[in-house]
2 protein chains.
Amino acid sequence: MSEVEPERTEQRILDAAEELFYGRGIQSVGMDAIRTASGVPLKRLYQTFPSKDTLVEAYLRRRDARWLRDLAQYSDTYDSPEQRILAVFDWLFLWFSEQGFRGCGFINSFGELGATSQTVADIAKAHKDAFRRYLADLVAAADAPAWLTDQLVLLAEGAMTTAAISGTPEPARHAKDAARTLLRAAHAEVVTAA
Amino acid sequence: MSEVEPERTEQRILDAAEELFYGRGIQSVGMDAIRTASGVPLKRLYQTFPSKDTLVEAYLRRRDARWLRDLAQYSDTYDSPEQRILAVFDWLFLWFSEQGFRGCGFINSFGELGATSQTVADIAKAHKDAFRRYLADLVAAADAPAWLTDQLVLLAEGAMTTAAISGTPEPARHAKDAARTLLRAAHAEVVTAA
DNA sequence: CATTCTCGAAAACGGTCGTTCTCCTACGGT
DNA sequence: ACCGTAGGAGAACGACCGTTTTCGAGAATG
């Protein structure tokens, strides 16, 4: 009879898949490596996720949700919208400093599989849209013009890839500096227009 | 007897490799697809590039050189350093608008193979360093503080990935707007400090 | 105790990939 | 005309990957 652990095994598989897919790239990781890392036998693995594609999709969806949740959890501890905007870049700095950081998992999977798999491309796009919406809400709360959102997104995205390739978390600081400048300029424009 | 075409075949191979590697990702493209696309028989292909790894390396190195050359060629037609800085983002807009644009080939290959191949990781890093140096020279020529370089790099990198995933060239315009603001702020700071 | 069922370990299968090898054609020199 | 060679087309090879199947050990059931 099936034990209590159907959910446990799913988590163990996803934990192993995330570490491997994110750390080495998706195509470089075989199902056998996930079996070994998770300790879940191949049979159960395929009972839980009927194909590698569905496992990749589940990996991306879980990471998407957790990433945005963690970001919001950090940023929302600050009081003013302006502080929350700048806190996003502090959170990026912490993320970039984590051992094993290798850039944005969605940019990476888009580059690797976006041309081959519409699903992967869609998930990456949805993830970036969600991030953009989060920033847009902060910008609106700060009474800043909507176009500031687009600029902040670029700084954050640029910081992710630059931090990944250069191997240092410093781009987060540079992005925060630039964000502060752009925020001030946006506010000044609102005042001028009034 | 060997014909005049040893260089011709190398170009044909690299042309096919670039289109396929960039368009579909490196691991998704087999040597057979490159053979078909280039029309160069497998035997000659391996005489020219003794392994797929060396072909990948040659693809990245040629793209690196041409990318920076094209950028500089466009930007350097402008007179003032400030105009040249902003022209970088105009050039990005043209690039993003090309049919088949799929983001930065170096970010993509880094995400796909950076963890597996030190060579790929090094080439991506060298490419981004070269881009940064180009911007740093423009910033210095504009008498702007050096830290402006870091901010402009983030805008450009962010625009590349955002344009790729969103599928529109608009991020280049947003990046240019932000760059103009940051440039003004940087100049203002220099004046204030004086 | 015998039987059935469950489940994990690993072999097996079909396909693909990078790379090499075979064969056949066509041409150059004598 | 003959032979030697170069070169191209594609078969072949070994490795690996995603997925399925086999097999045997052990628990549950009557």
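Lettering of chains follows the sequences in order, A, B, ..., and the numbering in each one begins at 1.
Along DNA chain D, the nucleotide nearest to A:Pro50 and the one nearest to A:Ser28 differ in position, and the one closer to the 5' end is contacted by A:Ser28.
Here the C1' atom of nucleotide D:dA15 and the CE atom of B:Met31 are 16 Å apart, to the nearest Å. Whole-Å rounding puts the A:Gln47 CD to D:dT21 P distance at 13 Å. Between the CZ atom of A:Phe21 and the P atom of D:dC17 there is a distance of 12 Å, rounded to whole Å. The CG-C1' distance, from A:Asp53 to D:dC17, rounds to 13 Å in whole Å. One can place CD of B:Gln27 at 12 Å from P of C:dC17, the figure rounded to the nearest angstrom. Distance A:Leu45 CG to D:dG18 P: 11 Å, rounded to the nearest Å. Rounded to an integer number of Å, the gap from CG of B:Leu20 to P of C:dC17 is 12 Å. Taking atom CG of B:Asp32 as the reference point, atom P of D:dA11 lies 11 Å away to the nearest angstrom.
Ranking D:dT20, C:dA9, D:dG7 by closeness to the A:Tyr46 side chain, first place goes to D:dT20. Here the nucleotide nearest the side chain of A:Pro41, chosen from D:dT19, C:dG8, C:dT19, is C:dG8. Candidate nucleotides C:dA9, C:dT19, D:dG10 were compared by shortest atom distance to the side chain of B:Arg35, and D:dG10 ranks first. The side chain of B:Leu42 approaches C:dT20 more closely than any other nucleotide in the set C:dG8, C:dT20, C:dA11. The nucleotide whose nearest atom lies closest to any side-chain atom of B:Arg44 is, among C:dG8, D:dG7, D:dT19, D:dG7.
Nucleic acid contact class of B:Val29 (heavy atoms, under 4.0 Å, all strands): sugar-phosphate only.
A:Arg173 places none of its side-chain heavy atoms less than 4.5 Å from the side chain of A:Phe89. Here the side chains of A:Arg63 and A:Tyr22 are in contact, with some heavy-atom distance below 4.5 Å.
B:Ile107 belongs to a hydrophobic cluster with A:Ile107, A:Phe110, A:Ile165, B:Phe110, B:Ile165, counting contacts under 4.5 Å between side-chain heavy atoms of Ile, Leu, Val, Met, Phe, Trp and Tyr, direct or through other members.
Put simply, the side chain of A:Lys43 and the base of C:dG8 share a donor and an acceptor less than 3.5 Å apart.
Ion pairing between a basic and an acidic side chain is recognised when a charged N comes within 4.0 Å of a carboxylate O; B:Lys128 and B:Glu157 show such pairing.
Cluster annotation: B:Leu86 is not connected to B:Leu138 through the hydrophobic network of ILVMFWY side chains, with a link wherever side-chain heavy atoms come within less than 4.5 Å.
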